[in-house]
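In the text below, chain A, chain B and the rest are named by the order of the sequence lines, each starting its count at 1.
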Amino acid sequence: MHVHILYFASIREQLGSGQRLDVSALGQAAPLTVGQLCDYLRALSPEHAQALAEDVQVRAALNQTICDMDQALAVGSNDVCEVAFFPPVTGG
Amino acid sequence: MSGAPTSLPTSQVHVSVQTDDFDLSQEVTQLRQGQLDVGAVASFVGTVRQWWPSSEAEPQAQFLLEHYPGMTERVLAQAAQDALVRFEALGIRLIHRVGSLSAGDQIVLVTVAATHRRAAFDCCDYLMDWLKTQAPFWKKEVAHGEGRWVDARDSDTAALQRWTSPVSDATKKG
């Protein structure tokens with residue numbers, strides 16, 4: 001399964017607009033939830049750890065719908081899903 | 001990204017995420033077009049407050065608004081449609097600007113037509129509370145060469161929670 005990861009606002013400034021990840025290739029380490037994916041990304045580099053730190057209050061959306069961190073990623077190995085990570089919204 | 005041609009009948013809900021400015025008077029005209037059962041129109045316009053001390057000149061100041069292309073437009077349209085049904089409004093136009101703005105610029109418009117005033121006021125008020133806490137937009141203020149992402153406010157979240165109780169009868173009659 002491929003995950004198309006998008007970053008917005010302060011997280012985008014630090015990590016770029018996003019990245020693509022072949023989750024199936026990670027085997028046992030493959031994240032099963034959005035929160036586990038966030039943990040996996042945090043471990044990639046000190047920059048990732050800082051941009052996605054707990055105190056950023058990272059929010060997430062799966063396939064363009066706001067979701068909790070315990071939201072399951074898609075099941076089938078051929079699926080492509082879009083996961084976005086961003087700080088709390090400040091529109092209006 | 002811009003509004004529908006004026007020659008076509010307007011739908012009940014119009015949502016736009018755009019870099020261009022908007023004109024309140026034109027939007028209200030579009031909203032009311034051909035709807036003779038409208039008895040009330042309530043509008044809210046949000047503007048960019050100056051974010052550096054007013055005594056200081058800051059010609060390089062920038063106000064940046066980022067969104068999630070695709071998702072933002074979709075969730076705004078859904079929220080406006082839901083609000084239309086919930087408050088029994090007759091029409092809604094919602095515009096949110098993105099990109100680079102300046103102090104004093106218009107940033108957001110919500111205008112609602114309804115049969116009676118209470119529904120128009122409440123629907124407009126609710127949509128702004130929803131937008132502040134649920135719509136994927138992020139603001140950044142730049143002044144004196146330093147940028148700062150605007151923090152989300154707990155008071156905005158509390159404001160949305162006012163609407164979790166069922167709509168009162170007063171809302172429907174007005």
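Between the side chain of K139(B) and the main chain of G92(A), a donor-acceptor pair closer than 3.5 Å is present.
Hydrophobic clustering (ILVMFWY, side-chain heavy atoms < 4.5 Å, transitive): Y40(A) and V34(A) are in one cluster. Linking Ile, Leu, Val, Met, Phe, Trp and Tyr residues whenever their side-chain heavy atoms come within less than 4.5 Å places V28(B) and L90(B) in a single cluster. Transitive grouping of hydrophobic side chains (ILVMFWY, heavy atoms separated by less than 4.5 Å) brings V56(A) and L37(A) into a common cluster. M69(A) and L15(A) fall within a single hydrophobic cluster, where Ile, Leu, Val, Met, Phe, Trp and Tyr side chains are chained together by heavy-atom contacts under 4.5 Å. W52(B) and W149(B) fall within the same hydrophobic cluster, defined by Ile, Leu, Val, Met, Phe, Trp and Tyr side-chain heavy atoms under 4.5 Å apart, directly or through other members.
In this structure, T90(A) and V150(B) approach most closely via the heavy-atom pair CG2-O, 3.2 Å. Nearest approach of V89(A) to A152(B), heavy atoms of both residues: O-CB, 3.8 Å.
Around the CG atom of D22(A), the shell of radius 6.0 Å holds more than 12 heavy atoms that belong to other residues, nucleotides or ligands. Other residues, nucleotides and ligands place no more than 12 heavy atoms under 6.0 Å from the CD atom of E54(A).
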**Request:** Verify side chain to side chain contact (heavy atoms under 4.5 Å, CB included) between T65(A) and R74(B), making sure each step is shown before the conclusion.
**Result:** CA-CA 10 Å; T65(A) 299; R74(B) 199 172 48 73; 3.9 Å; yes
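At a 4.5 Å heavy-atom cutoff, the contact between R12(A) and chain B is made by side-chain atoms alone. For D156(B), no part sits under 4.5 Å from any heavy atom of chain A, backbone or side chain. Residue L65(B): no heavy atom, backbone or side chain, is found under 4.5 Å from chain A.
Using a 30° and 60° split on the angle between ring planes, Y68(B) and F8(A) fall in the tilted class, from 30° to 60°.
Here the CD-CE distance, from E82(A) to M71(B), works out to 9.5 Å after rounding to the nearest 0.5 Å.
By number of non-hydrogen pairs under 4.5 angstrom with chain B, the leading residue of P87(A), G91(A), A84(A) is G91(A).
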